[in-house]
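I have placed the structure first, in the form of structure tokens, so that the comments after it can refer back to it.
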Number of protein chains: 2
Amino acid sequence: MSGLSEIARAAGVSISTVSRVLNRRAGVNEETRQRVLSVLAEMPYTPRGLGALQRTGVIGLLVPELSNPVFPAFAEALETRAARLGYSSLLCNTRSGAPMGEEEYVRMLLARGVEGMVFVSPEITNVEVPLGQAPRPSYYAKLLADGVHMVFLNGATPALDVPDVTVDEQLAGYMATRHLIELGHERIGFVSGPARSLPSRLKRAGWAAALEEDHLPAGSEYVAHAPFSAEGGGQAVAQLLDTVTPTAVICSSDHMALGVMREAHQRGISVPEQLSVVGFDDIPLAAYSSPALTTLAQPIEEMAAAAIDELVLRLDPDRRRQGTDNYTRVFRPRLVARESSAPPK
Amino acid sequence: MSGLSEIARAAGVSISTVSRVLNRRAGVNEETRQRVLSVLAEMPYTPRGLGALQRTGVIGLLVPELSNPVFPAFAEALETRAARLGYSSLLCNTRSGAPMGEEEYVRMLLARGVEGMVFVSPEITNVEVPLGQAPRPSYYAKLLADGVHMVFLNGATPALDVPDVTVDEQLAGYMATRHLIELGHERIGFVSGPARSLPSRLKRAGWAAALEEDHLPAGSEYVAHAPFSAEGGGQAVAQLLDTVTPTAVICSSDHMALGVMREAHQRGISVPEQLSVVGFDDIPLAAYSSPALTTLAQPIEEMAAAAIDELVLRLDPDRRRQGTDNYTRVFRPRLVARESSAPPK
DNA sequence: AAGGGTCTTGCAAGGTTTTGCGAGAATGTT
DNA sequence: AACATTCTCGCAAAACCTTGCAAGACCCTT
């Protein structure tokens, strides 16, 4: 949240020059312009006095993609809740195009005068860092230091004092696996998202814990990594079917689970008779696949409400939380047993 | 494009009062507030600071909802194309909450300094106006007069000189029905969206035309209206199955078609053996249902590219289209025959 | 009817951004 | 080398927005 004067000082130019750069006016040397722009990249410009409506009633929502239906579902739930509290939402798809990363979108939103933002499955969860350790704080720390209000949804990190709302991924992995074990399965694969994804690693931990309780195999040969997509799910399950021939798999997302079921269908493997499939998310369409998908539901509405409420609490000067301490809410996933899981033949 | 002082003068209040209204501060009489707001509706407020930023590189995307996966798909395609041309996108879900209508979102986007916008299936298509007649121009005309750049995607109206990109809905209805006729079906129902929806009415016209060519029944008893949702599809097909017992149905959207297939499944009616189903949109998940959905594909990528290119053409002063004449591009839908359609038993 | 309280609104001070203007630097011309 | 032209960029004034404060209006109580 830097005004014109801070940026001018950092760039070693006058306020006027910064103003000219921002307004794309002529009369600024290209070299100077670049210097100002690079400073601007470091400290996002948020007009303060003029035009900078402090209470704009607008918040930003950042989702990583739109093709997995869980993100539109979260977006809609967040928007609905925000609208009820008098805020309108600007939605940004951070992986929409190569040139724009999450960071650039944040800067753009700040310049557009959003009061705060909700990050859904933020970039910060994609890190090659052992479980338990804290990843590099990256630019979120800077935003935080600048007093930008934000909330993480399904993507916390202990390194940052940001309120976060998440579903218990590890418990989800455990519950899904437990469900399959109780049905009598003994070879249970994990169709996982990329290895760098923290949620996938947490789910795997839960999966392994459940299996080890019953002395069932939980080695890495039972885990196949692939991108978060239906195609990825198909690829990953193909790999498992070609090697360890599981009788059941759990998946990192419903979206991947749909790919799994399609691959099974194409191979003539019937679900659930020959292969049980458990998804994760409970996207609205999960009930509409056939067989209807057994899945671990994230309480999307409740989580969205919690995230928005927490953000608004910090936005609203009247009811601003006293100690803005690290606020974490963990939601329990809920098993929704439908048709895609059954005892093995 | 008015500053605070113009608005204050127009509303007959002081600048301070307008400022307070804009910032939602307490201490303004409700009556006064409404007066200011109504003036604000007439002359949108654009603070010098932001409004002066002529080339913000930001465009707005307005979609009616997010639960039907076709809209996220369009949004992502639009964003990707825009990003490639150096524009970042702000996405708004106009039906996210009761209080915010499309119109308010437009105003908000304008105040946030967007350069132009793409309306996907805009409100204007929801009108109780006979086919061929022009609906009331509504507030779009005012935007147009103010020089706001916009493009309609799947929602044109001849009354407005706005470039538009659409799929040929009537042809889609015709092609879907033709496909089923050629398979040998004779009782073909139409699971339609609400009667006020122009696209649904166009599809119905195509459906009726195909049926009448072969002297097959095309009466209103073969048409069931329901909201655009999976639940709606289920309700509508239930109504048809209880009355005219069609051997095949076409649907206003894939989303509805999924509901149709679920309802059939629950009634023990097998698809496609006992009921053929043809959807519309070719959402990414259509290939992942089972049976995989036969559908009429909208060329989403191409349409999105056409819409963005047209908008950017008008935005960019260098390559601005000379005669900004009414530009319309109509895309042909494409039949994607998958598993949900087959000859009747 | 007077007094006190609350609500509403404009004024003016204070902070922020834009812009006209001029000085200095860089480049071109004679 | 001297001068003219153009370009850059800061200064300072103007324009603009926010906010504390006080005056006026309205209502209720005494």
Side-chain angles (χ1 to χ4, degrees), chain A residues 1-40 42-58 86 107-108 110-116 146-149 315-320, chain B residues 1-40 43-58 107-108 110-113 115:
Chain A
M1 302 265 240
S2 327
L4 224 40
S5 58
E6 279 111 314
I7 290 164
R9 185 145 23 83
V13 296
S14 76
I15 292 178
S16 337
T17 305
V18 180
S19 169
R20 277 186 272 255
V21 169
L22 280 170
N23 291 348
R24 289 177 172 72
R25 295 197 97 78
V28 178
N29 189 16
E30 183 56 29
E31 198 181 321
T32 315
R33 207 176 74 87
Q34 287 305 328
R35 195 165 74 243
V36 173
L37 285 177
S38 76
V39 170
L40 236 31
E42 289 300 309
M43 36 170 67
Y45 167 61
T46 27
R48 257 199 248 278
L50 162 80
L53 306 173
Q54 296 301 319
R55 312 282 337 278
T56 55
V58 181
R107 195 147 53 232
M108 191 264 281
L110 249 21
R112 302 263 92 64
V114 303
E115 290 184 55
D146 287 344
V148 174
H149 296 286
L315 254 37
D316 202 328
D318 303 334
R319 44 182 166 166
R320 182 167 293 168
Chain B
M1 334 303 187
S2 334
L4 223 43
S5 58
E6 278 114 311
I7 290 164
R9 185 146 22 86
V13 296
S14 78
I15 292 177
S16 339
T17 305
V18 180
S19 169
R20 277 186 271 255
V21 170
L22 281 170
N23 289 342
R24 291 176 169 71
R25 292 199 92 76
V28 178
N29 188 15
E30 185 54 31
E31 198 180 320
T32 315
R33 209 176 72 87
Q34 287 304 329
R35 196 165 73 241
V36 172
L37 285 177
S38 75
V39 171
L40 235 32
M43 36 169 72
Y45 167 64
T46 27
R48 265 174 88 91
L50 287 174
L53 299 174
Q54 290 302 318
R55 313 284 333 281
T56 55
V58 180
R107 196 150 48 233
M108 191 264 281
L110 250 21
R112 303 264 89 66
E115 291 184 52

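Residue numbers begin at 1 in each chain, while the letters A, B, ... track the order of the sequences.
Separating the CD1 atom of B:Ile7 from the P atom of D:dC16 is a distance of 12 Å, rounded to the nearest angstrom. With rounding to whole Å, A:Arg35 atom CZ is found 12 Å from D:dT8 atom C1'. One atom, CG of A:Leu4, and another, P of C:dT16, lie 10 Å apart when rounded to the nearest Å. Note: CZ (A:Arg33) to P (D:dC7) measures 16 Å, nearest angstrom. As rounded to whole Å, 8 Å separates atom P of C:dT16 from atom CD of A:Glu6. For the pair A:Asn29 CG and C:dT27 P, the computed distance is 10 Å after rounding to whole Å.
The rotation axes computed at either terminus of the helix from C:dA1-D:dT30 to C:dT30-D:dA1 lie 10° apart, taking five pairs at each end and rounding to 10 degrees.
A:Arg33 places no side-chain N or O within 3.5 Å of a backbone atom of A:Val21 that could act as its donor or acceptor partner.
Here the side chains of B:Arg9 and B:Glu6 are in contact, with some heavy-atom distance below 4.5 Å.
A:Ile7 CD1 to A:Thr17 OG1: the interatomic distance, rounded to the nearest 0.5 Å, is 12.5 Å.
Within residues 8-16 of chain B, the residues approaching DNA chain D are B:Ile15, B:Ser16, by heavy-atom distance under 4.0 Å.
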Just the atom pairs and distances: protein N or O near nucleotides 24-28 of chain D's N or O, under 3.5 Å.
none

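Side-chain atoms of B:Arg20 lie closest to C:dG10 of the nucleotides D:dG10, D:dT8, C:dG10. Proximity note for A:Thr17 (side chain, C-beta onward) versus D:dT8, D:dG10, C:dG10: the nearest is D:dG10.
When all heavy atoms of A:Ala8 and A:Val18 are compared, the closest pair comes out as CA-CG2, 3.6 Å.
Proximity of A:Ser19 to the phosphate of C:dT17: no side-chain N or O atom is located under 4.0 Å from OP1 or OP2.
More than 12 heavy atoms of other residues, nucleotides or ligands sit less than 6.0 Å from atom CD of A:Glu30.
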